[in-house]
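Here the structure comes first, spelled out in C-alpha cells, and everything after it is commentary.
Whatever order the structure lists them in is the order used to number ligands and atoms, beginning at 1. Sequential numbering from 1 along the given sequence is applied to the chain's residues.
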Amino acid sequence: MTAAAADNPFLPTFGTTPPTLAGRDDVVARFGRAFERGPQHPDYTMLITGVRGSGKTVLLNEAEDAALRLGWRVISMSASVRDLCRLITNAAHRHLREAVDGASPRRISSVKVLGVGVGFEPSEQTDTARSDIDLRSVLTSLAERLACDSTGLLLTVDELHAVSLPEATELAVTIQHVTRRELLPVAFIGAALPEIDETLLADRGMTFFQRCARARLEALGHDDTADAIRLPIREAHGHIDDEALEHLVSASGGHPFTIQLLGYHSWEMAEPAARINATHATAGTIEADHAVLEQIVKPIWSGLSSMDRTFLWAMSLDEADSEMSRIAERIERSPNFAQTYRRRLIDAGAIESAGRGRVRFTYRQMGPWLRSQQ
Ligand SMILES: Nc1ncnc2c1ncn2[C@@H]1O[C@H](COP(=O)(O)OP(=O)(O)OP(=O)(O)O)[C@@H](O)[C@H]1O
Ligand SMILES: [Mg+2]
C-alpha cells in the first residue's frame, strides 16, 4: 500500500525557500568556500543578479543560514527600506553589544520573516539610533571583535537596484575599507535585478560594486527543472507521469517561480489522489499562466516607458521569436535605436535573446496578453 499523499509541497511565494533548491549548487558552493577562506577570497563580496522570481532572495537566505551554521553573525537588509545605512549601523551596534555580552549569534533583519528573521522592534531602533555612531566605525569595531573570536559577519542587501546613490556610496566606501583594505571578516552579498548594470553599476563612482564577484542566475536547465518538480512530489508521496512532467518542464521555461506555480496548481488539480497526469498538468498550466501574468508580467509592464511598450507591441505581432530588423521597421527607427531598447528590455526582464538578431518574450504569457489587448 502506498502512503497517503501529504499537503501540496510547492511554495509559489516570493522569498520562500523551495522544497527542492534545484540547479544552484555552484553558487551555494562559491559563498560557502569564501566564508571558509576569508576576506581575500574573490567571492567574499558578491553580487547576485537575475530576473524577478529567479531565486535571488532564496539564495541570500541560504547564504545567511550557511553563515549562521558557522557561528557567524548576520545582518539581512533590503535596500528598499529608508535609511539603509542607519539600519545597518544600528544592527551592527546591537551585534557588537551582544558579542561583548557573549550572547549567541543570530540574524538581525530589516524584513520581518516569520520564524527566521528578527525584525526591529521600535525600541531597538531608538535605543541604538545615536548620531555619534557611524557605519564604518561600528562595523570596524564589530569585525575586529569577531576576528578575535575567529568568526565573522555576513551582510546581505536584497533589492540592491533600489538603493539611493548616497546610501550606495556610503555602503561601498565602508565595505571597501573594512573588508578589502583592513581584511576584516565582513562578507557581503547583494542581490539585484539585471537592470543594475545600466543604473548603479554604470556610475563611475561605484567601483566597489563593479568589482564584486558576480553570480548571474539564469533559467534552470531541463534536468534541474525536472528535479525541482519531481522530487517534491515524490517526497510528499504523490506521483507525476512522464508526459505531465515534460509538459510542466517545457511550460516553465526553467523559471523558478513559474516552476513553483506549475507544481502547485497541477497538484491542486490532482487532489485528493496526488497522481498528476497530462490533464492535470494542462489545467494547472492555465492557472499558473494567469498567476504569472498578474504577479510578474503586469508589474514589469507598468514599469516600462512608452517607447519600451511600443517595442513590445511590435514584437507581439509575431507568434514566435521576433527579428530585430523587423522590429526596427515596425517602430520606424534605426537598427541602433532598436538595439538600445533591446538592451533596456532585457535588463527589465521583459525579453531575452533568441539567437543571432532575434528576441523573444522572457515570459511566453506576455505575447498572447498583448494581442488580447489590441
Ligand atoms: N533553485 C530553485 N528551484 C526551485 N524553486 C526555486 C528556486 N529558486 C527559487 N525558487 C522559488 O522561486 C520563487 C521565487 O524565488 P525568490 O523570491 O528568491 O526570487 P527573486 O529572484 O528574489 O524574485 P524578486 O526579484 O521578485 O524578488 C519562490 O517561490 C522560490 O521558492
Ligand atoms: Mg527577491
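- The contact set between ligand 1 and F257, taken as ligand atoms under 4.0 Å from a residue heavy atom, comprises 12 (O), 13 (C).
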Q: Under the side chain to side chain contact (heavy atoms under 4.5 Å, CB included) rule, what do E64 and N61 come out as? Steps first, then yes or no, please.
A: CA-CA 5 Å; E64 291 162 14; N61 295 340; 3.8 Å; yes
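- Within the 4.0 Å heavy-atom criterion, the part of T20 lying near ligand 1 is the backbone and not the side chain.
- The shortest N or O to N or O distance between F14 and ligand 1 is not below 3.5 Å.
- The shortest N or O to N or O distance between L193 and ligand 1 is not below 3.5 Å.
- Residue contacts with ligand 1, taken as heavy atom pairs separated by less than 4.0 Å, involve T16 solely via the backbone atoms N, CA, C and O.
- A donor atom on one side chain and an acceptor atom on the other are not found under 3.5 Å apart for E182 and T140.
- Annotation: atom 23 (O) of ligand 1 to nearest protein heavy atom, G53 N, 2.8 Å.
- Looking at R333, R342, R344, R330 one by one, the single match for side chain to side chain contact (heavy atoms under 4.5 Å, CB included) with F311 turns out to be R342.
- Considering backbone and side-chain N/O atoms, G55 comes within less than 3.5 Å of an N/O atom of ligand 1.
- Between W301 and W313, the ring center distance clears the sub-6.0 Å criterion.
- Considering backbone and side-chain N/O atoms, A228 never comes within less than 3.5 Å of an N/O atom of ligand 1.
- For L11, every heavy-atom contact with ligand 1 shorter than 4.0 Å involves the backbone, none the side chain.
- A donor and an acceptor atom, one from each side chain of H161 and T199, are nowhere located under 3.5 Å apart.
- At a cut-off of 3.5 Å, with distance as the only test, no side-chain donor of E159 or S78 sits close to an acceptor on the other residue.
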- request: May I have the step-by-step check of salt bridge (charged side-chain N to carboxylate O under 4.0 Å, His left out) for R136 and E170, ending in yes or no?
  value: CA-CA 9 Å; R136 178 156 144 186; E170 186 179 354; over 6 Å; no
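- Every N/O-N/O distance between L21 and ligand 1 stays at or above 3.5 Å.
- At under 3.5 Å, a nitrogen or oxygen of S54, whether backbone or side chain, sits near a nitrogen or oxygen of ligand 1.
- With E352 as reference, R360 is the one residue of R343, R358, R360 to meet the salt bridge (charged side-chain N to carboxylate O under 4.0 Å, His left out) rule.
- Checking only distances, I259 never comes within under 3.5 Å of ligand 1, N or O to N or O.
- Looking at K56 against ligand 1, both its backbone and its side chain come within 4.0 Å, counting heavy atoms.
- Counting only N and O atoms by type, the side chains of H280 and N277 include a donor and acceptor under 3.5 Å apart.
- Under a 4.0 Å criterion applied to the non-hydrogen atoms of R24, ligand 1 contributes the atoms 1 (N).
- From the protein, the heavy atom lying nearest to atom 5 (N) of ligand 1 is Q260 NE2, 2.9 Å.
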Fill in: Evaluation steps, side chain to side chain contact (heavy atoms under 4.5 Å, CB included), between L193 and V51
CA-CA 6 Å; L193 294 171; V51 297; 5.6 Å; no
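- Residue contacts with ligand 1: V51 is included, with a non-hydrogen atom under 4.0 Å away.
- The shell of residues lying under 4.0 angstrom from ligand 1, judged by heavy atoms, includes A22.
- For R52, heavy-atom contacts with ligand 1 shorter than 4.0 Å involve the backbone as well as the side chain.
- For the residue pair T45 and R180, a side-chain donor N or O sits within less than 3.5 Å of a side-chain acceptor on the partner.
- For ligand 1, the atoms lying closer than 4.0 Å to a non-hydrogen atom of T13 are 28 (C), 29 (O).
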Discussion item. Is there a side chain to side chain contact (heavy atoms under 4.5 Å, CB included) between L154 and R73? Walk through the geometry before answering.
Written reply: CA-CA 6 Å; L154 170 63; R73 292 175 185 272; over 6 Å; no
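- Among protein heavy atoms, the minimum distance from atom 18 (O) of ligand 1 is reached at V58 N, 2.9 Å.
- Distance CG/L304 to CG/L345: 6.0 Å, rounded to 0.5 Å.
- Given atom 10 (N) of ligand 1, the protein heavy atom at minimum distance is P256 CB, 3.5 Å.
- Under 4.0 Å from ligand 1, not a single heavy atom of D158 appears.
- Aromatic ring pairs are classed by plane angle as parallel below 30°, tilted from 30° to 60° and perpendicular above 60°; the pair W72 and F35 is tilted.
- Close approach to E159 involves these atoms of ligand 1, each under 4.0 Å from a residue heavy atom: 27 (O).
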Going through the distances and angles, do D241 and R275 end up as a salt bridge (charged side-chain N to carboxylate O under 4.0 Å, His left out)?
CA-CA 8 Å; D241 71 31; R275 300 190 72 77; over 6 Å; no
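- Shown in contact with P18 at under 4.0 Å from a heavy atom are these atoms of ligand 1, numbered in order with element: 4 (C), 5 (N), 6 (C), 7 (C), 10 (N), 31 (O).
- Of all atoms in ligand 1, listed by their number and element, those nearer than 4.0 Å to a heavy atom of G15 are 16 (P), 17 (O).
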